[in-house]
Amino acid sequence: MLTSLRSAGRTEGGARRDGGYGLVFVSEPTTPPDDPDAATPSGSGLTAEKRRRQGRVDELRERGANPYPYRFDRSHALAEVRSAHGGLEAGTETDAEVSVAGRIMLKRDTGKLIFATIQDRTDRIQLFISKAVVGDDAFDDIKQLDIGDWVGVHGTVMTTRAGELSVKTDRVELLSKAIRPLPDKWHGLTDTDTRFRQRYADLIVNEEARRAFHIRHEVISSFRRTLAAEGFIEVETPVLHVEAGGAHARPFGTHHHALGMPLYLRIALELHLKRLIVGGMERVYEIGRVFRNEGISTRHNPEFTMMELYQAFADWTDVMAITERLITQAARDTVGTTVIEIRGQQVDLAEPWPRLAMCDAVSERVGTTVHPSNDLDDVRAIADRHGAKYEPSWGAGRIIESLFEQLCEDDIVRPTFVTGHPVEISPLARVDRDDPFVTERFEIFCDSRELGNGYSELNDPVEQRARFEDEQAAKEAGDAERGTVDEDYLRALEYGMPPTGGLGIGMDRVAMLLAGVDSIREVVLFPTLRPEQF
RNA sequence: GCGCCUCUAGCUCAACGGUAGAGCAGCGGGCUUUUAACCCGUUGGUUCAGGGUUCGAAACCCUGGGGGCGCACCA
């Protein structure tokens, strides 16, 4: 009873909807808001173009056709058609029937024959549309299709006399009418602002853009496979933090209304993941967005994607090894080789990455031994001599880092582990077992950019408290990027964290490296921009 | 935040301080094997905005806006 009622109702409703496009038609604005100046001969080309295309939509509806149908059954992606029939000789017709779908990118109309190039996410393919095959009425309709329209096509596979693989079209269904014209078919979009704001248009017309995002996807997917194979568990930890810790960076602030309290967007994944190591999860990782309230540049977007992993019973040497494996494998999976070109140099990522102690690198450049144990005034004098900037509150360790950035960073081309960061700038890293002034820490530098950061994790709760207190003192002295004492994290450490190695990698930067692009905006789909004025 | 560069038709680009143009897209016509199809004809402009200099400004100057690059910022 219920069932029959329901199905009867559905049939009735369906029938009403099929025969009643007028309902939809009436409720939709079918003329542009600036229609009043339709009478005037002037007006922008875009307005006229959109009006013409919308007019076509209205016309189709009046005929009872739906310019925006609900679905289409596709038998093959375009790349599948090509791989199955790519070897056909010129001038071959087959009886292989296919149903394909895509966006019309090009149209060549020779009178009674139309060649159209459609594009899906896998490939492009040519449609061979003959008036004699589809019939006069259908041919007229196909002529009315615009570049940018989505179509579904039924036909058979053939090659033209020139050898172009094509679908000899029996029937074309309009799947979605494009009201707005596509950018230039040859040049695409070049204005970077427009490319980033209208990423949808960029992706339609610029293959390079599609390629970069495909590489980004492959990098992340490769990381997940490598980590799964090594026994890591993927987790998700909070984005909203009461106090943003785990890195030196200014956070974004927000507010929770029901709790009536300020919250901060995370600047790192570190502290929550290490709580999970305390909890006994042993090998965990997270790939997630972090937010830093800093300047925007070719290397920095305010929100970016970090991969952090933590491995119990491991130290920094294990973590350096897994770093090499992750990035080398990602190169194989994305570009098919471990040999990539960086600044004109051929670099084989499969070779062991050089290790460079920060103090050694600086010492060599300044011609005298520099170490965080040096007298502060001596280190300041060296910094002054080499134009490295520092604040009065900085200790020798932090000034050495400044010297490194000033003198050494730019020279690093191939991936390099820069090791032995001073304790002062590494509040969560464990002191080097052979040198109490530096930590068992490394940063991965490549093409002068920092790709990641790892260390033997500090797990002594008493020492961690002392380091946090130093951070808080620096923050209270006016350094907004320094941290605070995270009592809950200290409580976790008091339960005992096993010896642990940790790693953080900037996924956007790895994607940049492997995609061979020099701006982070080429691998972030919707980079942060000022709002557009409409 | 500072410096330099940039903004012209839907898109890609021209235009000495002197009538705002081309190609693509669109529209009309022709063409049954094209390849950014081609051929003929044609519509389309708040030259980012606002001021100023000038007989005359897309251009020169000022202010503002968007964007890019560099610096600063950024373990």
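Numbers restart at 1 for each chain; the letters A, B, ... are given by sequence-line order, proteins then strands. Keep in mind that what you see is a predicted model, and the values were worked out from it rather than measured.
Only the P atoms considered, B/G3 is 11 Å distant from B/G64, to the nearest whole Å. When the P atom is used for both B/C62 and B/U53, the distance is 15 Å, rounded to whole Å. For the C1' atoms, the distance linking B/C24 with B/A57 amounts to 29 Å, nearest Å. Comparing the P positions of B/A22 and B/G44 gives an interatomic distance of 12 Å, to the nearest angstrom. Separating the P atom of B/G30 from that of B/U12 is a span of 33 Å, rounded to the nearest Å. Comparing B/A9 with B/C31, their C1' atoms sit 29 Å apart, to the nearest whole Å. Taking atom C1' on both B/A15 and B/C73, the two are 42 Å apart, rounded to the nearest angstrom. B/A58 and B/G21 are spaced 13 Å apart, taking the P atom of each and rounding to whole Å.
Residue A/Leu174 forms a side chain to side chain contact (heavy atoms under 4.5 Å, CB included) with just one option from A/Leu145, A/Val57, A/Asp141, and that option is A/Leu145. The only member of A/Arg56, A/Lys107, A/Arg52 that meets salt bridge (Lys or Arg N to Asp or Glu O under 4.0 Å) when paired with A/Asp146 is A/Arg52.
Using a 4.0 Å heavy-atom distance criterion, A/Arg441 is classed as a base contact. Note on A/Leu189: only backbone sugar-phosphate atoms sit closer than 4.0 angstrom, heavy atoms only; bases stay farther off. At the heavy-atom level, A/Arg521 lies under 4.0 Å from the strands shown only through sugar-phosphate atoms. Residue-level contact check: A/Gly483 touches neither bases nor backbone, having no heavy atom under 4.0 Å from any strand. Contact annotation for A/Gly91: no contact, since no heavy-atom pair falls under 4.0 Å across all strands.
The nucleotide B/G17 finds no pairing partner, because no Watson-Crick or G-U wobble arrangement with both distances shorter than 3.5 Å includes it. Nucleotide B/G70 is matched to B/C2 when pairs are restricted to Watson-Crick or G-U wobble geometry with both distances under 3.5 angstrom. Base pairing analysis places B/U33 opposite nothing; no Watson-Crick or G-U wobble pair with both distances below 3.5 Å involves it. As the counterpart of B/G64, B/C48 is assigned, both hydrogen-bonding distances of the Watson-Crick or G-U wobble pattern falling under 3.5 Å. The pairing partner recorded for B/G28 is B/C40, the criterion being a Watson-Crick or G-U wobble arrangement whose two distances lie under 3.5 angstrom.
Between the C1' atom of B/C11 and the CZ atom of A/Arg197 lies a distance of 18 Å, rounded to the nearest Å. Rounding to whole angstrom units, CG of residue A/Asp193 and C1' of B/C5 are separated by 15 Å. Atom-to-atom, CZ of A/Arg51 to C1' of B/G10 comes out at 14 Å; the value is rounded to the nearest Å. What separates CD of A/Glu294 from C1' of B/C71 is a distance of 16 Å, to the nearest Å. Taking atom CG of A/Asp191 as the reference point, atom P of B/C5 lies 19 Å away to the nearest angstrom. The interatomic distance linking A/Asp146 (CG) with B/C11 (P) rounds to 17 Å, in whole Å. At whole-Å resolution of the value, CZ in A/Phe196 and C1' in B/G68 are 9 Å apart. Rounding to whole angstrom units, CD1 of residue A/Ile204 and C1' of B/G10 are separated by 13 Å.
Applying the 4.0 Å criterion to OP1 and OP2 of B/C13, one finds that A/Thr190 has a side-chain N or O inside that range. One finds no side-chain N or O of A/Arg530 lying less than 4.0 angstrom from the OP1 or OP2 phosphate oxygen of B/G65.
For the pair A/Glu270 and A/Gln406, nearest-nucleotide mapping onto RNA chain B gives the more 5' position to A/Gln406.
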5' to 3', nucleotides 32-41 of chain B under a 4.0 Å protein heavy-atom cut-off (B base, S sugar-phosphate only, - none) gives BBBBBB----
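Checking A/Trp316 against A/Glu440 by side-chain atom types alone, a donor-acceptor pair falls below 3.5 Å.
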Side chain to side chain donor-acceptor pair (under 3.5 Å) evaluation trace for A/His421 with A/Glu443:
CA-CA 9 Å; A/His421 297 62; A/Glu443 285 180 303; 2.9 Å; yes
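Between A/Pro372 and A/Cys359, the shortest heavy-atom contact is CD-SG, 3.6 Å.
A/Arg380 places a side-chain N or O within 3.5 Å of a backbone atom of A/Pro392 that can act as its donor or acceptor partner. At distances below 3.5 Å, at least one donor-acceptor pair connects side-chain atoms of A/Asp318 with backbone N or O atoms of A/Asp315.
Close placement of the A/Phe115 and A/Phe128 rings is indicated, their centers lying within 6.0 Å of each other.
Ion pairing between a basic and an acidic side chain is recognised when a charged N comes within 4.0 Å of a carboxylate O; A/Arg509 and A/Glu450 show no such pairing.
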